[in-house]
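Remarks on the structure that follows.
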Amino acid sequence: MDGVNATGTGKSLYSGNVSITTDLVSGVYYLRDNSRGGMYTTNMNNRTTGGSTFTDADNVWGTNTTANVQSAGVDAHYGAQLTWDYYLSSFGRRGIDGNGFRVLSRVHYGNRYNNAFWNGSSMTYGDGDGTTFRPLVSLDVAGHEITHGLTEKTAGLIYSNESGAANESFSDIFGTMVEYSSGTGDYLIGEDIYTPATAGDALRNMSNPAAEGDPDHYSKRYTGTGDNGGVHINSGIQNQVFYLLAQGGTNRTSGLAVTGIGRPKAAAIFYRALTVYLTPSSNFKAVRTATLNAARDLYGASSAEYNATAQAWTACGVQ
Ligand SMILES: CCCCC[C@H](S)C(=O)N[C@@H](Cc1ccccc1)C(=O)N[C@@H](C)C(=O)O
Ligand SMILES: [Ca+2]
Ligand SMILES: [Zn+2]
């Protein structure tokens, strides 16, 4: 039901106090954003089905702690809001389908569930067990999961082997871009939620994938059958390509240097590759070609951006 858009105060777990758009209907505030396709956030009450949209009496949500069930809802809702704004302001895309797709974010899924996932129509976040993960509602996760929706509606990269690793990397790349859009970011994935007892680690690391056990070069790719053929492992190769293209630097395995072009241009190249050129079975070689085509379209065939894109893939062993 559409009511009146209201601006609420969200006391989040990982982003401090944030401003969120809520929906006032008959004196009750709902965690629903009619200014962003009607996106809404539900509480699954630690079950794996059902759930109901969070409501509040005074439009001040959560307490910055997990003691209040609304807190995780604030983070998920805020993450969806920033993701919507990122794609709209960066690429003029209104929602993951370009047509105002209504995103549902579901929190408190299952019991101490150590994951988050996209199921084709909603994002779903577990609370973690408190040892491996804190509640998995940080900004890079929200951006990661919603980007699976974008990928599904565009390239449709098959979720296994190299196309699956590329799929996962696009989610890490844009999850990181969404995180940076909040004003502070990093090239770590899940740093706020992974192993709370261990400072400074992350689930994945784009600037140095090997720091978290993932390859930074094609010659070190995983060729086994675990993890759907290493989708969360070999994503390190493309994550390193993006990092080197954006920031510049030298690949630790090849020793080859890359001249950086900055995050926005690198993101624009990867976004155009994903939404214009890639297909379900695209492998890393195809992603190289797609990003070169995108760089040519955006900046010209002999541009510094085009040359840096080629350098970055070569530095990571994908010719
Ligand atoms: C349920 C089946 C698994 C689906 C995989 C989802 S898309 C996924 O990749 N989830 C992310 C969650 C995440 C994202 C960013 C930062 C931290 C955690 C993920 O990386 N999951 C890991 C734990 C995995 O599934 O191996
Ligand atoms: Ca991060
Ligand atoms: Zn994923």
Side-chain angles (χ1 to χ4, degrees), residues 13-15 44 48 72 75-76 79-80 82-83 86 96 105-107 109-129 131-152 155-161 163-196 198-209 211-214 222 224-236 238-239 242-243 246-247 263 267 274:
L13 294 176
Y14 306 118
S15 299
M44 297 187 78
T48 55
D75 290 83
L82 284 192
T83 304
Y86 172 76
I96 56 177
S105 300
R106 311 187 303 169
V107 298
Y109 169 88
N111 182 31
R112 300 156 59 81
Y113 185 68
N114 280 326
N115 220 333
F117 59 92
W118 168 262
N119 72 359
S121 57
S122 72
M123 256 103 53
T124 306
Y125 300 93
D127 290 330
D129 60 11
T131 301
T132 302
F133 282 113
R134 297 183 63 203
L136 289 91
V137 290
S138 55
L139 290 178
D140 45 10
V141 181
H144 176 109
E145 300 309 342
I146 297 174
T147 298
H148 277 307
L150 170 66
T151 299
E152 187 181 87
L157 290 163
I158 296 162
Y159 201 67
S160 63
N161 304 320
S163 55
N167 185 323
E168 271 295 308
S169 172
F170 278 108
S171 279
D172 283 349
I173 288 166
F174 289 109
T176 293
M177 293 305 292
V178 168
E179 181 182 291
Y180 268 107
S181 78
S182 72
T184 59
D186 53 49
Y187 284 98
L188 301 174
I189 303 292
E191 69 284 350
D192 292 337
I193 61 173
Y194 187 59
T195 59
T198 307
D201 70 343
L203 186 63
R204 292 183 290 277
N205 183 321
M206 300 176 74
S207 65
N208 181 14
E212 300 300 343
D214 300 318
Y222 171 75
T225 57
D227 184 32
N228 288 306
V231 300
H232 293 98
I233 301 166
N234 292 331
S235 53
Q238 185 179 299
N239 283 352
F242 180 84
Y243 172 79
Q247 303 298 135
R263 261 193 308 280
L274 179 67

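In this text, all values refer to a predicted model and were calculated from it rather than measured experimentally. Just follow the structure's listing: the first ligand is 1, and inside any ligand the first atom is 1.
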Original post:
Got a sec, which residues hit side-chain hydrogen bond (donor to acceptor under 3.5 Å, both in side chains) with Asn114, two or more places apart in sequence or on another chain?
Top reply: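 Testing Asn114 for side-chain hydrogen bond (donor to acceptor under 3.5 Å, both in side chains), a comparison that skips the adjacent residues, returns Asp129.
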Original post:
Do Ser163 and Asn161 have side-chain N/O donor and acceptor atoms under 3.5 Å apart?
Top reply: no
Original post:
Does a donor on one side chain sit under 3.5 Å from an acceptor on the other, for Ser169 and Asn239?
Top reply: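 The criterion, which ignores hydrogens and geometry beyond distance, is satisfied for Asn239 and Ser169.
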How are the rings of [X] and [Y] set to each other: parallel, tilted or perpendicular (split at 30° and 60°)?
{"X": "His232", "Y": "Tyr159", "result": "perpendicular"}
{"X": "Phe170", "Y": "Phe174", "result": "parallel"}
{"X": "Tyr187", "Y": "Tyr243", "result": "perpendicular"}

**OP:** Could you tell me whether the side chain of Glu212 and the main chain of Ala202 form a donor-acceptor pair under 3.5 Å?
**Re:** yes
Subject >> Protein-derived N, O or S atoms lying under 3.0 Å from the Ca ion (ligand 2), waters excluded >> reply: 7
**OP:** State which residue, out of Thr184, Leu139, Asp192, Leu82, fulfils the side chain to side chain contact (heavy atoms under 4.5 Å, CB included) condition with Ser15.
**Re:**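 Going through the options one by one, the only one that passes is Leu139.
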With a 4.5 Å cut-off on side-chain heavy atoms, are [Y] and [X] touching?
{"X": "Thr83", "Y": "Glu145", "value": "no"}
{"X": "Met206", "Y": "Gln247", "value": "no"}
{"X": "Leu136", "Y": "Tyr113", "value": "no"}
{"X": "Ser105", "Y": "Tyr125", "value": "yes"}

Original post:
So which protein N/O/S atoms does the Zn ion (ligand 3) have within less than 2.8 Å?
Top reply: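 Per the 2.8 Å query on the Zn ion (ligand 3), atoms found are His144 NE2, His148 NE2, Glu168 OE2.
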Original post:
Looking at His144, His148, Glu152, which one forms a side-chain hydrogen bond (donor to acceptor under 3.5 Å, both in side chains) with Trp118?
Top reply: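 Of His144, His148, Glu152, side-chain hydrogen bond (donor to acceptor under 3.5 Å, both in side chains) with Trp118 is met by Glu152 alone.
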Could you list, one pair per line, each nitrogen or oxygen of ligand 1 together with any protein nitrogen or oxygen closer than 3.5 Å, giving atom names and the distance rounded to 0.1 Å?
| unit_1 | atom_1 | unit_2 | atom_2 | d |
| --- | --- | --- | --- | --- |
| ligand 1 | 9 (O) | His144 | NE2 | 3.3 |
| ligand 1 | 9 (O) | Glu168 | OE1 | 3.4 |
| ligand 1 | 9 (O) | Glu168 | OE2 | 3.1 |
| ligand 1 | 9 (O) | His232 | NE2 | 2.7 |
| ligand 1 | 10 (N) | Asn115 | OD1 | 3.2 |
| ligand 1 | 10 (N) | Ala116 | O | 3.0 |
| ligand 1 | 10 (N) | Glu145 | OE2 | 3.3 |
| ligand 1 | 20 (O) | Arg204 | NH1 | 2.8 |
| ligand 1 | 20 (O) | Arg204 | NH2 | 3.0 |
| ligand 1 | 21 (N) | Asn115 | OD1 | 2.9 |
| ligand 1 | 25 (O) | Asn115 | ND2 | 3.0 |

